[in-house]
Structure formats: structure tokens, C-alpha cells
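Working notes, structure below.
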Amino acid sequence: MNLRNYGWLFGTTLLLGGIGGMLMGLVTQQDLYHGSIANFFMGLLMHLLLGLTTSIVAQMGFFAYMMFNFLVLNSMKSKSLRKNIQIFFILFAFFDMVYLRYVAFGQGGSVLPYFVEPVLLLGIALLTAYAKVKVTNPTAWIPTIFFIFVVTAIEWLPALKQDDFKAIAVMIVPLLFCNVWQVLQLHRLTTRTEQSKTSKSF
């Protein structure tokens, strides 16, 4: 990926993070509608800044995943081993999201409510992987699910450590806006870069 394409991805991802932050502010912060116009726009600005910050976290996670993929997974000659390692981390992250939050907040109650976040995140990961496979190839299934589920879960940790629906929702929406966008755009940008190199060689 060249610098121009990276700059475009950075800018669009930043924009989506800001939009996601403002949308969640409008949905979850009902106090925005009770007060002056100045209070409304100030609250909206704070959620915009939160969305932009979340976007930076998402982009750092994407870069870390790309480095992990390049340095660790690509160094393994066995494709089945790479696939199995990613599946293991997906299952491990799912278990941790349920178990650790239940231990922290369950207080001996039912464990079922703590399946909500991981199941929803896994569902979004599967939908994203389906869309990715449709525009690339079947080998994108597991890497896309791994990135959307595992990497997003790690980025989501500050909110997951709280037993607060608003905090969880306000962070996950910008993260998903950014991460789904990044993974669905990656192949287009790398293809565009290769085409640019080819055209310059003639």
C-alpha cells in the first residue's frame, strides 16, 4: 500500500469513527435533548472527539494485526496451522469475554446475559467475512473473522471492564465502523497500488 492510499484509508476511517461516536451520543445520551442548544452541540462535540479517538485505537489495532499477520502467520509454511491458530484465538477470546465479565459482574447470577456481547460481535464478524469472501476469495473467511472478533475485542477492553451498557455501546459502534471499513477496503487499496506500479513499469 502506498502513502497516498494509506492517507485515504486513514482519513476515511477517522471520519467513520467520528460519525459513529456522534451517532451513539445522539442515541445513548438523552440529556443532550434537555438543555440549551450550546449544551447539545458541546455534548455532540465530545462524542465526536471520542469517536475520533476510538478510530485511532482501531487503526493502531489494524496496523498491529497486519504486523502479526506478516511476521508470525506468514512465517508458517502450513496453511492449516495458520488457520488453526486463528480459530484457537477466536474461541479463546469468546470464552474470555463471557467468563471474565461473568466473574467480575455476575455475582452468582445467570451467565446467559454475558453471552450477548460476544455473540453479537461474532455475528458481525461472520457477516463481514461473508462480504469479504464475496469480493475476494474463500481464504479470507478465517482472517476476517479473526480480525473483526479478536482484535475488536481487545480494543473494546476498556469498555468491557465496566458493567455499563452505555459505555460498551458508545465504544463498540465506532470500533466496528472503523474495523469493518478497514478490512473491506484493504484488498481494494493493495490492488490499486499494484496496478499503479504496473502502469509505471511500461
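For clarity, every value in this text was computed on a predicted model and none was experimentally measured.
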Do the non-hydrogen side-chain atoms of Trp8 and Arg4 ever get within less than 4.5 Å of each other?
-> no
Validation row: Leu44, Phe40 side chains within 4.5 angstrom (heavy atoms) = yes
Considering non-hydrogen atoms only, spot the tightest contact between Glu155 and Gly61 and give its length.
-> OE2-CA, 3.1 Å
Just by modelled atom types, is the Thr144 backbone N or O under 3.5 Å from a matching donor or acceptor in the Lys132 side chain?
-> no
Begin from the C-alpha positions of Leu126 and Trp141 and carry the test side chain to side chain contact (heavy atoms under 4.5 Å, CB included) through to its verdict.
-> CA-CA 8 Å; Leu126 289 169; Trp141 259 112; 4.1 Å; yes
Taking C-beta and beyond as the side chain, do Leu23 and Ile19 meet within less than 4.5 Å on heavy atoms?
-> yes
CD1 of Ile37: more than 12 outside heavy atoms within 6.0 angstrom?
-> no
Do the side chain of Asn84 and the main chain of Ser80 share a donor and acceptor less than 3.5 angstrom apart?
-> yes
So if you build clusters from Ile, Leu, Val, Met, Phe, Trp, Tyr with side-chain heavy-atom gaps below 4.5 Å, do Phe147 and Leu184 land together?
-> yes
Side-chain contact test, heavy atoms from C-beta onward, threshold under 4.5 Å: evaluate it for Val111 versus Tyr99 and give yes or no.
-> no
Any Ile168 side-chain heavy atom under 4.5 Å of Trp156 side chain = yes
Considering non-hydrogen atoms only, spot the tightest contact between Pro174 and Gly17 and give its length.
-> CB-O, 3.8 Å
Tightest non-hydrogen contact, residues Ile124 and Val180, listed as CG2-CG2, 4.4 Å
Can Ile87 and Leu91 be said to form a side chain to side chain contact (heavy atoms under 4.5 Å, CB included), step by step?
-> CA-CA 6 Å; Ile87 292 174; Leu91 296 174; 4.1 Å; yes
In the single-linkage hydrophobic clustering (I, L, V, M, F, W, Y; side-chain heavy atoms under 4.5 Å), do Ile154 and Ile90 co-cluster?
-> yes
Check whether any side-chain heavy atom of Phe115 lies under 4.5 Å from a side-chain heavy atom of Phe94, and answer yes or no.
-> yes
Distance from Leu52 atom CG to Thr13 atom OG1, nearest 0.5 Å?
-> 11.5 Å
Is the CZ atom of Phe68 crowded by more than 12 outside heavy atoms at less than 6.0 Å?
-> yes
With rounding to the nearest 0.5 Å, note down the distance linking CZ in Phe10 to CD in Gln182.
-> 10.0 Å
With side chains defined as the heavy atoms from C-beta onward, is the minimum distance between Ile85 and Phe89 less than 4.5 Å?
-> yes
Out of curiosity, Phe177 CZ to Thr12 OG1, how far, rounded to the nearest 0.5 Å?
-> 13.5 Å
Output the distance between atom OH (Tyr6) and atom CG (Leu189), rounded to the nearest 0.5 Å.
-> 11.5 Å
Starting at CE of Met22, measure out to CG of Leu50 and round the result to the nearest 0.5 Å.
-> 12.0 Å
Shared hydrophobic cluster for Leu127 and Leu186 (ILVMFWY, side-chain gaps under 4.5 Å) | no
Around Gln30, counting heavy atoms of other residues, nucleotides and ligands shown, do more than 12 lie under 6.0 Å from its CD?
-> yes
If you draw a 6.0 Å radius around OH in Tyr102, do more than 12 non-hydrogen atoms from other residues or ligands fall strictly inside?
-> yes
Give, for atom CG of Leu121 and atom OG1 of Thr128, the distance between the pair rounded to the nearest 0.5 Å.
-> 9.0 Å
May I ask you to test the Leu9-Trp181 pair for a side-chain heavy-atom distance under 4.5 Å?
-> yes
Would a distance-only check, ignoring hydrogens and angles, find a side-chain to backbone donor-acceptor pair under 3.5 Å from Arg101 to Leu160?
-> yes
Check Leu14 against Ser55 and note the closest heavy-atom contact, atom names and distance.
-> CA-OG, 3.2 Å
Go through Phe105 and Tyr114 one step at a time and tell me if the ring-ring contact (aromatic ring centres under 6.0 Å, His included) criterion holds.
-> CA-CA 9 Å; Phe105 309 117; Tyr114 298 93; 7.1 Å; no
Please check if Val57 and Leu49 belong to a single hydrophobic cluster, counting links between Ile, Leu, Val, Met, Phe, Trp and Tyr side chain heavy atoms closer than 4.5 Å.
-> no
Kindly determine whether Leu48 and Leu45 satisfy side chain to side chain contact (heavy atoms under 4.5 Å, CB included), including the steps that lead there.
-> CA-CA 5 Å; Leu48 170 64; Leu45 176 62; 4.2 Å; yes
Single-linkage hydrophobic cluster Val133~Leu122, side-chain heavy atoms < 4.5 angstrom = yes
What closest approach, in Å, do Ala153 and Met97 show between heavy atoms, and which atom pair accounts for it?
-> CB-SD, 3.8 Å
Should His47 and Gln29 be marked as a side chain to side chain contact (heavy atoms under 4.5 Å, CB included) after you check the CA-CA gap, both sets of side-chain angles, and the distance that decides it?
-> CA-CA 10 Å; His47 281 87; Gln29 303 299 320; 3.3 Å; yes
Please name the pair of heavy atoms, one in Ile172 and one in Thr152, separated by the smallest distance, quoted to 0.1 Å.
-> CD1-CG2, 3.6 Å
